[in-house]
Every structure is written in structure tokens, then in C-alpha cells.
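Notes follow once the structure below has been shown.
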Amino acid sequence: MIGVLCLFVFAVGVVIRVGVSFGPYSGYNKPPMFGDFEAQRHWMEITTSLPVREWYVNGTNNDLEYWGLDYPPLTAYHSWLCGKVANWINPSWMALGSSRGFESEELKMYMRNTSLLADVVVFFSAIYMWASFMFSSKRTQTNTTQHHQLKQNNNNYKTGKKKSIKATNKRSKKSSDNRSLPLGQRTEDLLEIVGGVAGLAFHPCFILIDHGHFQYNSISLGFALWATYFIATKRFVLASVLFVLSLSYKQMSLFYAPVFFIFLLSSTLFSPKTNMIGRLFALGRVGVTVIVTFAACFFPFLTDLNLLFQVLHRMFPFARGLFEDYVSNFWCLMDVVFKLRSSFDQPALAQMSLVATLVAMSVSCFQLFRKPTNDNFVFTLITCSLSFFFFSFQVHEKTILLVALPVALVRAKEHSFIQALFMSASTFSLYPLLEKDGQVVQYAVVIIFAIASWIVLYASKWKRWQIVLFTLHLMTLAGIHYLFAFVEPPASLPYLWVLVNAAYSFMAFVVTYLYFHFQLFSSKPSKLLLKKMD
């Protein structure tokens, strides 16, 4: 049943993605640099036309100032594969030099389909496995509860309370099969899990950035979700492999790195299942797995240290500055008042960024080290990724997707209000970028669909103050959209509405950050996600 429902959700998700993909993309018909669509096409051109040693190096045939490759090698290999197929279909799409800025409906269709395929193969498969884990956890919880009930009944029997005990035991044994649960309870459980699947598959941020703006975030996020699934099921070696793949596809997955490191370290060193030698062996196995996987991903560049350093230099371009455009983070808003970028040089800003990020994530990471439960793992993914988004160096608006993923993983039955608040605010924070791309209609349709779905599924269970607050939140979003559409900003402040967008989104993100810090220290554990480490 869960498989059929997931397939239905995925089918609807594909339809939505296809609908969004008919619109324009980043940099459409905007020479000379165009946009991210051209960047992805250009990487296919470079990787299929030049030897591996030249992919990250400036040269006659590879001008790094024109969308030079600046993602890790797994992105380059993926670009090579897509470029090879494109070259087979139409060589003019990937012709070295002459294809720069190439645009056609056929190329657009091909590129859109590669992004859709990445979603289906990597991201949707990870969602399905996560849903399967949630469903099995629910059944395990139910059976455990029934086992305790049987045990209590038997104890009562031994103490002389024989009357009606046999009948109670008979009912308990009969219900030990999950299928014998009341129809209403089973339906509620399935709807809860399918709602979680839809929250991932229909998330406006994932759809609008990958299939509107155009990127392949679903691959790195899908690998990260696979890694999270293996963490939850205690297969730490596989979790390590998948997280390294995520990191080797997009370096922004570093937002999650402290969480994976601390969880694996604490879970292996303090596992009660084995002695110290066994714990050290388990930790060593994880460490070797990480090293071997990184070595496999970076293998073509390991024979020349200068080449390896060039790849790393391209991956971490500190010269680009503290942040890009008007991103909804701390440094962007502070720069409006204190002009940080003109007051401090780049090394000083980088040091400030490092210290602030470490401080912001320290409390939640310490709590995760103390209590490495699956719940705390997901909560810390949220707080740590938000810490990076707020304070790390070289942040752009699209990195909010790294926060959106773990927020969508928590149990909606308990956290639906904060999920709805964050989902709408994070999508809203992308509006200036999507407006620039000509994706206003797609944005409006997708965000309205997502908000309406959330209200239908969960608003009936919200408290009155939550309904009032969310209504005010939606009215604020509508008001700011009205300013964008109908009110001209002052000539001296042409980006005023963009700044208002960033400031309001930042406030919603701070609320999310504080909320999940509180959840980390809450004494009440989640009943579904997430069992404690044995």
C-alpha cells in the first residue's frame, strides 16, 4: 500500500515539475553571461571536449571567467555523462567554443529531462526509502506497545487478577498483526507518511530551483537523504559513502558535515553493544570508508598535488565575497547598516564568518554528541545548516534548500506549523531570483498549491494562536508581493523590496532555528521518527 501511494505522489510530482519546466530558465536570452542553465551546459561542453586535467584549469579552451567549473568532481563526471549523450543527439549543442550561449527548444527539453531524471533516480528513490523506514518504525512501535500490554496482562494474571485477563490477552494477540489495527488508525498512519512524502516531493523550493531556475540540487540532496536513511537504520558505513557522494557532488553539503561527523563519532565510541576495541574498530571502519570514497571521487586529480589544489581552489572561491545579492542571512542585513564589506578585508570577514558559524552551531552539536538519537540528528541538521546559512562565507539564496530538506523530514503531526511557516518563507525568499528568471507564474502556482495542501492536511489540528499567526504571515507575504508588483521603490533605494523580502525571510528562519533548538532539549521524544540509539 505504501508503495502504491508513493508512486501516486511521485507521478503528481513529475507532472508539477514538467509544468514548471515549460517556463524560461536562468539567463534565458540574456547574453553575454546568460545564467545557471548556460553554466550547466558549458560544463558539459568542457568535460566532453577537454582532458580531465584541464577541466578546472584556465586555458585557451577553458576560460574560467566564463562559468568555469567550480563544483566537485562528481558534478564534473555527471556533466561529462550528460554531455556525451547530448553530443550524440546533436553535436552542435556541445561544440567547443562555438556552442557558447547556445539556446534552442530541443536543447532546453534535453536539459530539463536530465534534471527530471536526476529527481526520479536519486531524490525520489531516497524519499521512498525514507517513507518505508517511517512506515516500518510505526509498525514496530505498535507491536512494541502491544508486547508491553501483553507482558502487563501476564503480570496481572500472576498476581491473582484473573478475571477478564484471558480475554484481554486474546484481543492483544489478535491485534499484534498491524493489519488488525482499526481502519481509522491505519488510514491515519498512512496519510501521515504520505503527507511526509508529499512534503518532500512537492516542496516548492526543490521544484522551482531545479526545474524552473535550472540546477541539479536533487542529486546532492538525494545522496544526503539516502545517507540520513542509512543513519536512521544504523548502517553507518553506507551512510558515510552516501554522504561523501553528496559532498563530492556539491560542496554546499558541508552544511551537514559537522552533524554527520558528531553523530557517527558519538554513536560508535559510546555504543553499549560492544567493548572499546569493537568501538574503535567501528570508528576506524567509518574513517576508512570516508577516505576511500573521497579518493575514488577525486582519483583523476590525486596524481598531481598542484592540480588537486586547483580543484579545491575552484570549489572554495573566497575571492567572491561574503555573500551574493540580497540573501536572507545575518551578514547581508548587517551590511546594510555597517557596510561590512567596505570596512573589513576578505581574510578578516572569513575569520568572523568562521567564528560566528562555529558559535551558532555549537550548542546543538554538543547536545547531539551527548544524545545521538535519530530525532536529535534531524533536528541538528536543521540548526547546523541554518547556522551555516546565517553566518558562513559566500552564501547565496539557493543554499536555503539545504535547510528545507531536514525541515521536511520531521514529523508533520507534531511540527506541521513550523514546517508550513518555513516552507512558505523559504520559497518566498527565492522570489527575487525567480522573478529575474521570469518564473513568477510558476512560483505563484506552486507556492499556492503547497500552502493550500498544508492547510487542508494539518491546519485543523493547529491551535488558535497558530492559525492567527500563520494568517498574519500569509498576509505579510501577500503585502510584500503587492509592493513588488505595483509600488515603485525609491530611486535612491532600487532594491528596497528585495531587502524587505530578505529581512522578513530572515526573521522566519530565526524562529525556525530557535524552535528546533528547543526541540533538541525537549524531554518529550518523537513517537515516530525516530528511535533512540540502542
Starting from the C-alpha separation in whole Å, work towards a yes-or-no answer on side chain to side chain contact (heavy atoms under 4.5 Å, CB included) for Val9 and Phe202. CA-CA 8 Å; Val9 172; Phe202 299 164; 3.8 Å; yes

Would you tabulate the side-chain donor-acceptor contacts of residues 277-301 under 3.5 Å, counting partners in other chains and residues two or more places apart, or write 'none'?
from	atom 1	to	atom 2	distance (Å)
Arg279	NE	Ser271	O	2.8
Arg279	NE	Thr274	O	3.1
Arg279	NH2	Ser271	O	3.1
Arg279	NH2	Thr274	O	3.3
Thr289	OG1	Arg285	O	2.7
Thr293	OG1	Thr289	O	2.7

Show the numbers, then the answer: is there a side chain to side chain contact (heavy atoms under 4.5 Å, CB included) between Leu74 and Leu247? CA-CA 9 Å; Leu74 213 57; Leu247 198 52; over 6 Å; no

Give the intermediate values and the outcome of side-chain hydrogen bond (donor to acceptor under 3.5 Å, both in side chains) for residues Ser246 and Trp226. CA-CA 9 Å; Ser246 177; Trp226 269 104; over 6 Å; no

Just so I know, are the side chains of Trp454 and Ile451 near enough to count as touching, which here means a heavy-atom distance under 4.5 Å? no

For a ring pair (Phe, Tyr, Trp, His ring centres under 6.0 Å) check, start with the C-alpha distance between Phe509 and Phe389, then their side-chain angles and the critical distance, and finish with the verdict. CA-CA 10 Å; Phe509 299 160; Phe389 183 81; 5.8 Å; yes

Minimum-distance pair of heavy atoms, taken over all atoms of Val327 and Ala502: O-CB, 4.0 Å

Per the salt bridge (Lys or Arg N to Asp or Glu O under 4.0 Å) rule, what does the pair list look like for residues 115-124, sequence neighbours excluded? Arg17-Asp119

Got a sec, which residues hit side chain to side chain donor-acceptor pair (under 3.5 Å) with Asp36, two or more places apart in sequence or on another chain? His213, Gln215

Once side chain to side chain donor-acceptor pair (under 3.5 Å) is applied, do any residues pair with Ser453, and if so which ones, sequence neighbours excluded? none

Could you pull out all residues at least two apart from Tyr326 that satisfy side chain to side chain donor-acceptor pair (under 3.5 Å)? none

Does Gln419 use its side chain to pair, donor to acceptor, with the backbone of Val407 at less than 3.5 Å? yes

Note: Ile231 and Asn374 closest approach over all heavy atoms is O-OD1, 3.9 Å

Are any of the side-chain heavy atoms of Ile127 and Phe10 separated by less than 4.5 Å? yes

Please check this pair: side chain of Ser266 against backbone of Ile262, looking for a donor-acceptor N/O pair closer than 3.5 Å. no

For the pair Thr228 (side chain) and Ala224 (backbone), establish whether a donor and an acceptor sit closer than 3.5 Å, ignoring hydrogens and angles. yes

Okay, side chain of Ser522, backbone of Gln519: is any donor-acceptor separation there less than 3.5 Å? no

For residues 236-243, dump all side-chain donor-acceptor pairs below 3.5 Å to protein atoms at least two apart in sequence or in another chain.
from	atom 1	to	atom 2	distance (Å)
Ser240	OG	Phe236	O	2.8

Taking Phe369 as the fixed residue, which of Phe263, Phe270, Phe377 is the one that meets the ring-ring contact (aromatic ring centres under 6.0 Å, His included) rule? Phe270

Min side-chain heavy-atom separation Phe391-Met361 under 4.5 Å: no

Ser353 side chain reached by Trp331 side chain, heavy atoms, under 4.5 Å: yes

Counting C-beta onward and ignoring hydrogens, is there a side-chain heavy-atom pair between Leu430 and Leu208 closer than 4.5 Å? no

For His78 and Tyr216, does a side-chain donor sit closer than 3.5 Å to a side-chain acceptor? no

Counting N and O atoms only, with roles assigned by atom type, does the side chain of Ser429 sit under 3.5 Å from a partner on the main chain of Ser426, one being a donor and the other an acceptor? yes

Mind telling me whether Tyr229 and Phe133 have parallel, tilted or perpendicular rings, with 30° and 60° as the class edges? perpendicular

Apply the test side chain to side chain contact (heavy atoms under 4.5 Å, CB included) to residues Leu405 and Phe206: give CA-CA distance (whole Å), side-chain angles for both, the deciding distance (0.1 Å), then the verdict. CA-CA 9 Å; Leu405 177 64; Phe206 305 148; 4.2 Å; yes

ring-ring contact (aromatic ring centres under 6.0 Å, His included) filter on Phe344, not counting sequence neighbours, yields none

Verify, without hydrogens or angle tests, whether Gln466 (side chain) and Phe417 (backbone) share a donor-acceptor contact under 3.5 angstrom. no

For Trp80, is there any backbone N or O sitting under 3.5 Å from a side-chain donor or acceptor partner on Thr47? yes

Sequence neighbours excluded, the answer for ring-ring contact (aromatic ring centres under 6.0 Å, His included) partners of Tyr71 is Trp43

Parallel under 30°, tilted from 30 to 60°, perpendicular over 60°: which one fits the rings of Phe379 and Phe516? tilted

Does Phe470 have any ring-ring contact (aromatic ring centres under 6.0 Å, His included) partners at least two apart in sequence or in another chain, and if so, which? Trp462, His473

Separation of Phe255 CZ from Leu386 CG (nearest 0.5 Å): 9.5 Å

Residues at least two apart in sequence or cross-chain that pass ring-ring contact (aromatic ring centres under 6.0 Å, His included) with Tyr513, listed by chain then number, are Phe390, His517

Just wondering, do Phe330 and Asp335 contact through their side chains at under 4.5 Å, heavy atoms? no

Can Lys250 and Asn217 be counted as having a side-chain donor-acceptor contact under 3.5 angstrom? yes

Quick one: does Asp210's side chain have a donor or acceptor within less than 3.5 Å of a partner on Ser218's backbone? yes

Which pair of heavy atoms, one from Pro406 and one from Val378, lies closest together, and at what distance? O-CG1, 3.7 Å

With sequence neighbours excluded, what pairs up with Ser364 under the side chain to side chain donor-acceptor pair (under 3.5 Å) test? Thr383

Are the side chain of Thr268 and the backbone of Leu264 linked by a donor-acceptor contact shorter than 3.5 Å? yes

Closest contact, heavy atoms only, Phe123 versus Leu225: CE1-CD2, 4.3 Å

If you take all heavy atoms of Ala118 and Ile219, which pair is closest and at what distance? CB-CG1, 3.6 Å

Go through it in stages, so that I can follow the logic: the residues are Ile193 and Leu5, the test is side chain to side chain contact (heavy atoms under 4.5 Å, CB included), and I'd like the CA-CA distance, side-chain angles, deciding distance and then a yes or no. CA-CA 10 Å; Ile193 294 167; Leu5 292 174; over 6 Å; no

Minimum-distance pair of heavy atoms, taken over all atoms of Ala450 and Pro204: CB-CG, 3.5 Å

Check the orientation of His415 and Tyr515. Use parallel for under 30°, tilted for 30 to 60°, and perpendicular for over 60°. perpendicular

Donor-acceptor check, side chain of Ser416 to backbone of Lys413, threshold 3.5 angstrom: yes or no? no

Side chains of residues 308-319: which donor-acceptor partners sit under 3.5 Å, not counting sequence neighbours?
from	atom 1	to	atom 2	distance (Å)
Gln310	NE2	Tyr56	O	2.8
Arg314	NE	Leu69	O	3.2
Arg314	NH2	Gly68	O	3.1

Validation row: Trp130, Val197 side chains within 4.5 angstrom (heavy atoms): no

Are Leu302 and Leu307 side-chain neighbours, meaning at least one heavy-atom pair lies under 4.5 Å? no

